*Asks:* 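Below is a structure I'd like to ask you about.
Letters go in sequence order (proteins before strands), and every chain restarts at 1. Since this is a predicted model, take the numbers as computed values, not measurements.
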Number of protein chains: 2
Amino acid sequence: MPVSIEDVAKKADVSISTVSRVLNRRNIVNEKTRKRVEIAIDELGYRPNVFARGLMLRRSNILALVLPDLHGEFYSEIIRGANLRARELGYQLMISSVVASDDGSTVLSAVTDHSLVDGIAVMISEVDSQTRTDLAKVKTPLVILDSDVEGVKHDSVVIDQRQGAAAMFRHLIYNQGTKRIVFVGGLVTNFDTIERLAAFHSTMDEANIPISSNDIFHLDYNYQTAFELGSKQVREWARSRASVFAANDEMAAGIIDAAIELGISVPDQLAVVGFDDTRIAQMTRPRLTTVHVPMSSMGSSAVDLLCQRLDDPQRPPTKLTLQSELVVRESCGSDF
Amino acid sequence: MPVSIEDVAKKADVSISTVSRVLNRRNIVNEKTRKRVEIAIDELGYRPNVFARGLMLRRSNILALVLPDLHGEFYSEIIRGANLRARELGYQLMISSVVASDDGSTVLSAVTDHSLVDGIAVMISEVDSQTRTDLAKVKTPLVILDSDVEGVKHDSVVIDQRQGAAAMFRHLIYNQGTKRIVFVGGLVTNFDTIERLAAFHSTMDEANIPISSNDIFHLDYNYQTAFELGSKQVREWARSRASVFAANDEMAAGIIDAAIELGISVPDQLAVVGFDDTRIAQMTRPRLTTVHVPMSSMGSSAVDLLCQRLDDPQRPPTKLTLQSELVVRESCGSDF
DNA sequence: TTATTTATTGAAAGCGCTGTCAAATGTCGA
DNA sequence: TCGACATTTGACAGCGCTTTCAATAAATAA
């Protein structure tokens, strides 16, 4: 039923080669012939069959974006950035998320099964060694988003979060005079958490403030669990005039709400800061002091890198580092 | 370079037909032969070429989701729901958004250019008659999300927002005793706005409250413009004890912030309600009274409908209506 | 024993497209 | 008028897969 190149050829009274030529604008086709073919294409509403074309060209113009989750603004902004850039460059974007039940190898196969995509951008927050070796085997152009990429031969785009986190800790310590910081992160295996924890330790060392292991919590980046933790701890934290560093805005919001519910004023009695600078950071009251992460840039940069590699498969692996930036708002107290 | 079915056949010392047969588990292949082939597939790491297969089968197992925008939680939840369901059903999801510069025909071509997708879910918030006729021409299985679909022969999933909006207006009128409601919607051509405006008129009529045309505003669903409108109007609204109905949570948040900035207390001096029940609704202070819209269900239902049609192309067009539900929180005052 | 059925496999014909190669036509200077 | 060359076109060979269809071997019936 669908109209094929042959139908067009017949209608325009030329061979399929000629039709193919006008489609690909390659060798010059005679002006008059081209017009005729174009008219036939229009009238028939012909669209080249992507499969047939892909079979010859070994190209689909489809890029895949694999995310650990699709929940929350963080991921949706990455998608948005990637989609926009992909469109600009003439690619389509395929989205996939690794669901809870998946393990490392599922991740890999979810990725490689798309033997049809020209390139893949993956973000995997918990990278075990299995995933790492699996990833190393992939032959499709791959860019790794915001993960530990030491020793992996692919392109990558990472956030310089140590620097952003350090700026935050310093602000808390030197500008706000905090003597104790509570660290509320994600899982111990989570890359972001590892990075920020490293910044935490080094900045505290630098300021000569000891860290109690009781002040480090590993949650799951969700509002609810943070709220629950806050409900239990917030009084004690406020009493000692501690500041709370939450590894994303969601958790910061959860802790703030817990505090408010217990009649503890933020930031007057307790400073709470977040990370990411999502929409939430501006919606909470008080507004969140946080670290801005260029989420949509991550997406667009990933697509850029992928396309560059597609154009030149030989170029050496690139690691693109995006800066994060401290954004001071109300939740940490006035800043002087 | 990539290993083809022929390589496998050679290695297993069978014909490609046999390999194809074990891949598709169709006609029974002799136990022993099958084992041998499977081993060869494993050892070679063979993956069938999607293009070649698609060329024969005319099937890609890819579904497209076309959204008006990728910004905000509303869309990201739709994506999430769709992606999850698609995975469950063995499909991949391709995302596309209609960007600002696009007009109706771009929408259509963005859609139909994917001659490779098996089905398409489109959400187009502003449907003009051009788009409508364009849409009617599409031969790929299509489901229309939350738009005016009268007379269109495709499947659709819509939100019963009249009912949800009406519940909101009634709550405001009968439970909160509001005598004046200000309606802040999207563009006049926006489907959601049209629906909710209809509910507005009918409920107000029913309650015998006249509507002043000065109380109907058409904005763009953004925080910022709502904030600006609020900054100008909020005093007057509060003075006459009006309630403000914003057509999404973002705008409600903008108006609330404008009010607070001018020292007007919400809900004590001014009730403000939202729509959608996104994350924002729980993050603002006061928390938003809003109408819950099952966003991720919209995505999953769209995928369901698409797959059902794929299985049975003959079934009559289905219109799936999802319910919306009033959620009373703090921003409209205590409810008695 | 011979005819017939059943199980298992291979050969080969496309699916719709691109790209190579050669044929056909036209152009131009000698 | 003729060869040399450029321009324009068509025939056809795949790309890797699925799917008839026929061939062979094995099993059963007559």
Side-chain angles (χ1 to χ4, degrees), chain A residues 1-41 44-62 90 112-118 139-140, chain B residues 1-41 44-62 90 112-118 139-140:
Chain A
M1 188 71 253
V3 21
S4 82
I5 196 172
E6 199 175 343
D7 301 326
V8 178
K10 213 163 285 174
K11 174 144 194 162
D13 196 32
V14 293
S15 74
I16 59 166
S17 323
T18 303
V19 178
S20 175
R21 272 188 281 262
V22 349
L23 284 174
N24 301 301
R25 299 246 175 279
R26 310 267 292 212
N27 316 334
I28 303 134
V29 175
N30 181 295
E31 178 75 21
K32 268 162 93 179
T33 322
R34 213 192 58 214
K35 271 273 150 49
R36 220 172 41 207
V37 172
E38 277 166 351
I39 290 174
I41 289 178
L44 261 37
Y46 166 71
R47 305 253 154 222
N49 180 308
V50 190
F51 298 112
R53 177 173 271 177
L55 189 53
M56 280 302 294
L57 265 31
R58 322 199 138 286
R59 268 240 185 182
S60 61
N61 282 307
I62 299 177
T112 50
D113 278 0
H114 315 39
S115 64
L116 94 162
V117 302
D118 294 343
K139 66 292 153 215
T140 312
Chain B
M1 188 70 256
V3 20
S4 80
I5 197 173
E6 199 174 343
D7 302 324
V8 178
K10 214 163 283 172
K11 174 144 195 160
D13 196 32
V14 293
S15 74
I16 59 167
S17 325
T18 304
V19 178
S20 175
R21 273 189 280 260
V22 352
L23 283 173
N24 301 303
R25 299 246 175 276
R26 311 265 294 211
N27 316 334
I28 303 134
V29 174
N30 181 295
E31 179 74 22
K32 269 162 89 177
T33 323
R34 213 191 58 213
K35 271 271 152 45
R36 221 173 40 210
V37 172
E38 277 165 352
I39 290 173
I41 289 177
L44 261 35
Y46 167 72
R47 305 248 153 225
N49 179 308
V50 189
F51 298 111
R53 178 174 269 180
L55 189 52
M56 280 302 294
L57 266 31
R58 320 197 141 286
R59 267 241 187 184
S60 61
N61 282 306
I62 299 176
T112 50
D113 278 359
H114 315 36
S115 65
L116 93 161
V117 302
D118 293 344
K139 65 294 153 214
T140 312

*Asks:* Can you tell me the distance, in whole Å, between the CZ atom of A:R34 and the C1' atom of D:dT9?
*Replies:*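 Taking CZ of A:R34 and C1' of D:dT9, I get 16 Å after rounding.
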
*Asks:* Determine whether B:L116 and A:L116 make a side-chain contact, defined as any pair of heavy atoms from C-beta on separated by less than 4.5 Å.
*Replies:*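 Yes - at least one pair of side-chain heavy atoms lies under 4.5 Å apart.
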
*Asks:* Is the shortest side-chain N/O distance from A:R58 to OP1 or OP2 of D:dG16 below 4.0 Å?
*Replies:*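 For D:dG16, OP1/OP2 do have a side-chain N/O of A:R58 under 4.0 Å.
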
*Asks:* Are B:L23 and B:I41 packed together at the side-chain level, in the sense that at least one heavy-atom pair is separated by less than 4.5 angstrom?
*Replies:*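 Counting from C-beta outward, B:L23 and B:I41 do come under 4.5 Å.
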
*Asks:* Is any side-chain heavy atom of B:T33 closer than 4.5 Å to one of B:T18?
*Replies:*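 Answer yes - side chains close enough.
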
*Asks:* Return the nearest nucleotide to the side chain of B:P48; candidates are D:dT9, D:dC17, C:dT8.
*Replies:*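 Selected nucleotide: D:dC17.
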
*Asks:* Starting at atom CZ of A:R59, determine the distance to atom P of C:dG16, rounded to an integer number of angstrom.
*Replies:*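 Computing the A:R59:CZ to C:dG16:P distance gives 24 Å.
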
*Asks:* Return the nearest nucleotide to the side chain of B:L23; candidates are D:dC15, D:dT18, C:dT18.
*Replies:*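 Nearest nucleotide to the side chain: D:dT18.
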
*Asks:* Checking all strands, does B:L57 fall into the base, sugar-phosphate, or nothing category for heavy-atom contacts under 4.0 angstrom?
*Replies:*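 Sugar-phosphate contact only - B:L57 comes under 4.0 Å of backbone atoms but never of a base.
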
*Asks:* Please give, in whole Å, the distance from D:dG16 C1' to B:Y46 OH?
*Replies:*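 For the pair B:Y46 OH and D:dG16 C1', the rounded distance is 7 Å.
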
*Asks:* So does B:N24 get a side-chain nitrogen or oxygen closer than 4.0 Å to the phosphate oxygens (OP1/OP2) of D:dT18?
*Replies:*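 It does, given that an N or O in the side chain of B:N24 lies less than 4.0 Å from OP1 or OP2 of D:dT18.
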
*Asks:* In terms of side-chain heavy atoms of B:R53, which of D:dG10, D:dC17, C:dG16 is nearest?
*Replies:*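 Taking heavy atoms from C-beta onward, the closest nucleotide is D:dC17.
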
*Asks:* From the set C:dG10, C:dT18, D:dT9, return the single nucleotide nearest to any side-chain atom of B:R21.
*Replies:*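 The listed nucleotide nearest to B:R21's side chain is C:dG10.
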
*Asks:* Given that A:I16 and A:R36 both sit by DNA chain D, which one's nearest nucleotide is further toward the 5' end?
*Replies:*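 Closest to the 5' end, via its nearest nucleotide, is A:R36.
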
*Asks:* Across the strands shown, which category fits A:S17 at heavy-atom distances under 4.0 angstrom: base, sugar-phosphate, nothing?
*Replies:*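 Base: the residue A:S17, judged by heavy atoms under 4.0 Å, touches a nucleobase.
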
*Asks:* Look at B:T33 and C:dT9 and indicate whether a side-chain polar atom (N or O) is within less than 4.0 Å of OP1 or OP2.
*Replies:*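 So the side chain of B:T33 is within the cut-off, an N or O lying under 4.0 Å from OP1 or OP2 of C:dT9.
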
*Asks:* Hey, which sits more toward the 5' end of DNA chain C by its nearest nucleotide, B:L55 or B:E31?
*Replies:*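 In this pair, the answer is B:E31.
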
*Asks:* Once you round it to whole Å, what is the distance between P of D:dC17 and NZ of B:K10?
*Replies:*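 In whole Å, D:dC17 P and B:K10 NZ are 13 Å from each other.
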
*Asks:* Give the nucleotide from the list D:dG10, D:dC17, D:dC15 with an atom nearest to the side chain of A:M56.
*Replies:*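 Shortest atom-to-atom distance from the side chain points to D:dC15.
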
*Asks:* Does the side chain of B:R53 come within less than 4.5 Å of B:N24's, by heavy atoms?
*Replies:*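 Sidechains of B:R53 and B:N24: in contact.
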
*Asks:* If you compare every side-chain N and O of B:S15 against the phosphate oxygens of C:dG10 (OP1, OP2), does one of them come in below 4.0 Å?
*Replies:*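 For C:dG10, OP1 or OP2 has a side-chain N or O of B:S15 closer than 4.0 Å.
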
*Asks:* To the nearest Å, how far apart are A:L116 CG and D:dG16 C1'?
*Replies:*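 Rounding to the nearest Å, CG of A:L116 and C1' of D:dG16 are 14 Å apart.
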
*Asks:* How about A:N30: does its CG atom have over 12 heavy atoms from other parts shown lying under 6.0 Å from it?
*Replies:*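 Correct, the count exceeds 12.
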
*Asks:* When you get a sec, tell me which of C:dT18, C:dG16, D:dT8 is the closest nucleotide to the side chain of A:A52?
*Replies:*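 The answer is C:dG16, which lies nearest to the side chain.
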
*Asks:* Rounded to the nearest Å, what distance is computed from the CZ atom of residue A:R47 to the C1' atom of nucleotide C:dC17?
*Replies:*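 Rounded to whole Å, this separation is 16 Å.
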
*Asks:* Mind calculating the distance between CG (A:N30) and C1' (C:dG26) to the nearest angstrom?
*Replies:*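 Rounded to whole Å, this separation is 12 Å.
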
*Asks:* Below 4.5 Å, heavy atoms only, C-beta onward: do B:N49 and A:R58 meet side chain to side chain?
*Replies:*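 Touching, per the 4.5 Å side-chain cut-off.
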
*Asks:* Rounded to the nearest Å, what distance is computed from the CD atom of residue B:E6 to the P atom of nucleotide D:dG14?
*Replies:*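 Atom-to-atom, B:E6 to D:dG14, this comes out as 12 Å.
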
